[in-house]
*Asks:* 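Can you read through this structure? Questions will come right after.
Nothing fancy with the numbering, it's 1 onward along the sequence.
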Amino acid sequence: MNLTNPSQLKNVLGAYGFSFSKSLGQNFLIDENVLNKIILGSGIDESKGALEIGPGAGTLTRALAQNSKKTVAVEIDKRLMPLLGYTLNDFKNTKVINEDVMQVDLNKLIEEEFGDMEVAVCANLPYYITTPIIMKVLEECSRVFSMTVMIQKEVAERMVAKPGGKDYGALSVAVQFYTEPKIVCHAEPHCFMPQPKVASTVINLRVLDKPAVDVKNKKLFFEIVKSAFGQRRKTLLNALSKSPYISIEKEEIAKAIEFAGLPLDIRGERLSLEEFGKITDYIEERKK
Ligand code: SAM
């Protein structure tokens with residue numbers, strides 16, 4: 001069975017009377033080259049577990065099953081269950097869970113399904129919910145060593161962006177706080193059935209042993225980042241002094257910016273994670 005072959009995929013989908021749901025972001029992968037790059041980029045091997053989000057017809061799931069010790073896939077669409085029963089029938093190390101991934105306790109699932117295996121998340125993500133899924137995994141799952149995911153190209157570019165560029169924003173900081181992101185490859189619309197309107201990119205997020213910056217208050221760090229990028233045209237000083245999250249006086253915020261070694265007219269988009277960290281720690285100390 002080769003589900004990257006469009007006519008084979010069509011036959012299987014037809015046999016189960018399946019029709020694509022746009023609202024569930026169903027664009028199935030039909031490019032073997034891209035599929036292989038996801039597997040290679042993910043770092044899985046036969047000693048590791050793979051957690052897939054949104055298996056669709058099981059194209060990536062089959063490749064993961066072949067290359068991992070165990071594969072577990074979480075799929076929201078009940079209509080795909082009998083079809084996945086067929087396409088994954090020859091793999092005994094594979095399990096499909098019919099749930100909305102956003103409602104799943106992923107730490108519990110990983111503990112129950114993978115025991116002490118190292119776990120990689122792999123997915124061709126539904127684009128309507130890419131960022132919430134990635135942030136859920138990064139914030140909740142202590143045992144995931146990498147995420148290799150197909151996402152919208154623009155979103156991938158924001159994730160890898162460095163300070164100062166137009167793509168650098170709160171998402172770049174959030175992803176780089178937890179991981180080292182790396183572009184694996186790009187995938188044009190013709191790599192999918194049906195074709196999406198946008199170009200896609202496979203990104204690998206290698207989870208860091210500990211966050212990239214050691215901050216005293218993680219919640220405050222992200223509130224400061226959100227405030228800094230929420231008002232991009234303002235200077236950092238003005239953006240933070242208008243922020244609902246920050247209760248200290250403007251003069252103290254100015255001192256925090258100077259403490260980080262930065263000029264007072266700097267904008268948030270130029271700050272590195274370390275500089276956001278220094279400002280956070282200064283404000284955390286003063287707000288007590
Ligand atoms: N992995 C398949 C492939 O590459 O061909 C399908 C990828 S398709 C882009 C996204 C898949 O995610 C669909 O099967 C869709 O039903 C599923 N999905 C959408 N929202 C979901 C959610 N909240 N939880 C779990 N699966 C979801």
*Asks:* Taking 4.0 angstrom as the limit, do Arg270 and Glu275 come out as a salt bridge?
*Replies:* no
*Asks:* Could you check whether any side-chain N or O of Asn98 sits under 3.5 Å from a backbone N or O of Glu75, counting only pairs where one atom can act as donor and the other as acceptor?
*Replies:* yes
*Asks:* Spell out, yes or no, whether Leu205 and Ile39 are grouped together once hydrophobic residues are joined by side-chain heavy atoms under 4.5 Å, including indirect joins.
*Replies:* no
*Asks:* Report the residue from Gln231, Arg267, Arg233, Lys250 that forms a side chain to side chain donor-acceptor pair (under 3.5 Å) with Asn238.
*Replies:* Lys250
*Asks:* Okay, side chain of Asn107, backbone of Glu140: is any donor-acceptor separation there less than 3.5 Å?
*Replies:* yes
*Asks:* About how many Å separate CG of Leu237 and CG of Leu262, when rounded to the nearest 0.5 Å?
*Replies:* 11.5 Å
*Asks:* Taking Lys136 for the side chain and Val104 for the main chain, is one N or O donor matched with an acceptor at less than 3.5 Å?
*Replies:* yes
*Asks:* Carefully, step by step, assess Leu106 and Val101 under the rule side chain to side chain contact (heavy atoms under 4.5 Å, CB included).
*Replies:* CA-CA 8 Å; Leu106 291 176; Val101 71; 4.2 Å; yes
*Asks:* Are Glu223 and Lys219 within salt-bridge range, i.e. N to O under 4.0 Å?
*Replies:* yes
*Asks:* Tell me if a side-chain donor or acceptor on Lys95 pairs with a main-chain N or O of Lys92 at a distance below 3.5 Å.
*Replies:* no
*Asks:* So if you build clusters from Ile, Leu, Val, Met, Phe, Trp, Tyr with side-chain heavy-atom gaps below 4.5 Å, do Phe91 and Ile38 land together?
*Replies:* no
*Asks:* Please check this pair: side chain of Lys70 against backbone of Glu113, looking for a donor-acceptor N/O pair closer than 3.5 Å.
*Replies:* yes
*Asks:* Any sub-3.5 Å donor-acceptor pair from Ser42's side-chain atoms to Thr148's backbone N or O?
*Replies:* no
*Asks:* Could you measure the distance from the OG1 atom of Thr87 to the CG atom of Leu9? Nearest 0.5 Å is fine.
*Replies:* 9.5 Å
*Asks:* Counting N and O atoms only, with roles assigned by atom type, does the side chain of Arg62 sit under 3.5 Å from a partner on the main chain of Asn2, one being a donor and the other an acceptor?
*Replies:* no
*Asks:* Verify side chain to side chain contact (heavy atoms under 4.5 Å, CB included) between Leu125 and Ile134, making sure each step is shown before the conclusion.
*Replies:* CA-CA 9 Å; Leu125 287 175; Ile134 291 177; 3.9 Å; yes
*Asks:* Charged N to carboxylate O below 4.0 Å: is that the case for Glu252 and Arg286?
*Replies:* yes
*Asks:* Could you tell me whether Glu258 and Lys255 have a side-chain N and a carboxylate O separated by less than 4.0 Å?
*Replies:* no
*Asks:* Pick from Phe276, Phe221, Phe259: which one makes a ring pair (Phe, Tyr, Trp, His ring centres under 6.0 Å) with Tyr282?
*Replies:* Phe259
*Asks:* Start with the C-alpha distance between Phe28 and Leu3, add both sets of side-chain angles, then the distance that settles side chain to side chain contact (heavy atoms under 4.5 Å, CB included), and finish with yes or no.
*Replies:* CA-CA 9 Å; Phe28 294 177; Leu3 296 173; over 6 Å; no
*Asks:* Treating Glu269 as the side-chain partner and Gly165 as the backbone partner, does any N or O pair qualify as donor plus acceptor under 3.5 Å?
*Replies:* no
*Asks:* Between the side chains of Glu157 and Lys153, is the shortest nitrogen-to-carboxylate-oxygen separation below 4.0 Å, so that they form an ion pair?
*Replies:* yes
*Asks:* Hey, is CD on Glu111 packed in by over 12 heavy atoms from elsewhere, all under 6.0 Å?
*Replies:* no
*Asks:* Verify the neighbour count for atom CD of Gln66: are there more than 12 heavy atoms of other residues, nucleotides or ligands below 6.0 Å?
*Replies:* yes
*Asks:* Establish, yes or no, whether the cationic atom of Lys218 lies under 6.0 Å from the six-membered ring centre of Phe177 and within 45° of the ring axis.
*Replies:* no
*Asks:* So does Pro194 get a backbone contact from the side chain of Asn27, meaning a donor-acceptor N/O pair under 3.5 Å?
*Replies:* yes
*Asks:* Where the side chain of Ser172 meets the backbone of Arg158, is there a donor-acceptor pair that is under 3.5 Å apart?
*Replies:* yes
*Asks:* If you count the non-hydrogen atoms of other residues, nucleotides and ligands that lie under 6.0 Å from CZ in Phe20, is the total more than 12?
*Replies:* yes
*Asks:* Enter the distance from Asp77:CG to Gln26:CD here, rounded to the nearest 0.5 Å.
*Replies:* 5.0 Å
*Asks:* Determine the sole option in Val149, Val184, Ile183, Thr179 for which the side chain to side chain contact (heavy atoms under 4.5 Å, CB included) test with Asn204 is passed.
*Replies:* Val184
*Asks:* Would you say that more than 12 heavy atoms from the other residues, nucleotides or ligands in this model lie under 6.0 Å from the NZ of Lys278, or not?
*Replies:* no
*Asks:* Rounded to the nearest 0.5 Å, what separates atom CE in Met150 from atom CD1 in Ile203?
*Replies:* 12.0 Å
*Asks:* Looking at Asp105, I'd like to know if its CG atom is crowded, meaning that more than 12 non-hydrogen atoms belonging to other residues, nucleotides or ligands lie closer than 6.0 Å.
*Replies:* yes
